[in-house]
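This report concerns only the one structure given below.
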Number of protein chains: 2
Amino acid sequence: MSGEAARVFAALGDPVRLTLVASLGPDGQSISDLTRGLTITRQGVTKHLKVLEAGGLIRSERRGREVIWHCRPAGLAVARHALEEIGAGWEQSLQRLKSLVEDQTPKEGPGQI
Amino acid sequence: MSGEAARVFAALGDPVRLTLVASLGPDGQSISDLTRGLTITRQGVTKHLKVLEAGGLIRSERRGREVIWHCRPAGLAVARHALEEIGAGWEQSLQRLKSLVEDQTPKEGPGQI
DNA sequence: TCAATTAGCAACCCGGAGGTTGCACAAATG
DNA sequence: CATTTGTGCAACCTCCGGGTTGCTAATTGA
């Protein structure tokens, strides 16, 4: 649960970056391509891409005069793993709680309260 | 992929809030309890808790003079779902790419580049 | 009843995030 | 060679996030 996870989540914690990440794939797109769909400046997009890169969610590759940005599944894995950990901790407390309240029935998943 | 997901991720995108969320369970803790472990002020913790609540990750319950904060698994589910969506999009492009490069073998998972 | 504990509210500070403009430069393209 | 296209860099602006202090209110417990 180090700063790495926080960085990945922070990178994903912006609507613009989420759409960027969603419109991206391993085949990659240039900054100009990515900018075309949005309402902000190319430089704005560049900054967002840097944040996503710092979070390990994307990577770049220079091709001629343009820079191609690809997705980086390992970054997603970090986020997924962190969520698992949190969920595990919560479930553990849930089990303990249920074992106390009801008699002895550790069964259901996380209650969607 | 609306603003909801962004809000959840943003809520998780801070080391202090990650530790808060990790040290929380359905049994709940008061603000003072939560503050005891950390190096920041009670008011600072309160602000973080508000952010987590806005993200749907925790919920509060007044008990006498103190406020008890519980986890809220539904919030985690939102984050998990958003990650799934992103991952699915990436894999789809991966499949397309592989189908083009190799001949016709849509098989493996996301390559950990 | 009086003191201690728990929490809320408001004001304030500071740095960085998100966004822009302007300019310079390299690579395609005709 | 001149022009278009794709990027990078730097400066700047504004606003919000994270954090604090100070004061007040309510509950609890001795």
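Chain naming here is simple, since letters A, B, ... match the order of the sequence lines and numbering starts at 1 in each.
- What separates CD1 of Ile40(B) from P of dC13(C) is a distance of 21 Å, to the nearest Å.
- Here the P atom of nucleotide dA27(C) and the CD1 atom of Ile68(A) are 15 Å apart, to the nearest Å.
- For dG22(C), the base has a donor-acceptor partner in the side chain of Gln43(A) [N/O atoms by modelled type, under 3.5 angstrom].
- Rounded to an integer number of Å, the gap from CG of Leu34(A) to C1' of dT7(D) is 13 Å.
- Distance check, rounded to the nearest 0.5 Å: CG of Leu12(A) to CG of Leu76(A) gives 7.0 Å.
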Anything under 3.5 Å between a protein N or O and an N or O of nucleotides 16-18 of chain D, put it in a table, one pair a line.
residue: dG18(D); atom: OP1; partner: Arg17(B); partner atom: NH1; Å: 3.4
residue: dG18(D); atom: OP1; partner: Arg17(B); partner atom: NH2; Å: 3.1
residue: dG18(D); atom: OP2; partner: Arg17(B); partner atom: NH1; Å: 3.1

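- A straight line from CD1 of Ile31(B) to P of dT27(D) spans 15 Å, rounded to a whole angstrom.
- Scanning atom types as modelled, one donor and one acceptor separated by under 3.5 angstrom connect the side chain of Arg42(A) and the base of dG8(D).
- Taking atom CG on Leu49(B) and atom C1' on dG8(C), their separation rounds to 13 Å, with Å as the unit.
- Across dT27(D), dA7(C), dT20(C), the shortest atom-to-atom separation from the side chain of Arg65(B) is found for dT27(D).
- Using a 4.0 Å heavy-atom criterion, one finds that Thr41(B) contacts the bases of the nucleic acid, with or without backbone contacts as well.
- Checking side-chain atoms of Thr41(B) against main-chain N and O of Gly44(B) turns up no donor-acceptor pair under 3.5 Å.
- Remark: of the listed residues Val45(B), Ile58(B), Leu52(B), Leu57(B), Leu52(B) is the sole one forming a side-chain contact (heavy atoms from CB on, under 4.5 Å) with Arg17(B).
- Rounding to whole angstrom units, CD of residue Gln29(B) and C1' of dT6(C) are separated by 15 Å.
- The CG-P distance, from Leu38(B) to dT20(D), rounds to 10 Å in whole Å.
- Taking atom CZ on Arg36(A) and atom C1' on dT7(D), their separation rounds to 13 Å, with Å as the unit.
- With distances taken from any side-chain atom of Arg62(B) to the nucleotides dG8(D), dG8(C), dT20(D), the minimum falls on dG8(C).
- Put simply, the side chain of Arg42(A) never gets that close to the backbone of Ser32(A): no donor and acceptor are under 3.5 Å apart.
- When heavy atoms are screened at a 4.0 angstrom cut-off, Gly64(B) is found touching the sugar-phosphate backbone but no base atom.
- Going from atom CG of Leu24(B) over to atom CZ of Arg72(B) covers 13.0 Å, rounded to the nearest 0.5 Å.
- Counting only heavy atoms from C-beta on, Ser32(A) has its side chain closest to dT7(D) among dG19(D), dT5(D), dT7(D).
- For the salt bridge (charged side-chain N to carboxylate O under 4.0 Å, His left out) test, residues two or more places apart in sequence or in another chain that qualify with Arg63(A) are Glu61(A).
- In this structure, Leu34(A) CG and Thr19(A) OG1 are separated by 9.0 Å, a value rounded to the nearest 0.5 Å.
- Nearest nucleotide to the Ser30(A) side chain, out of dT27(D), dT7(D), dA10(D): dT7(D).
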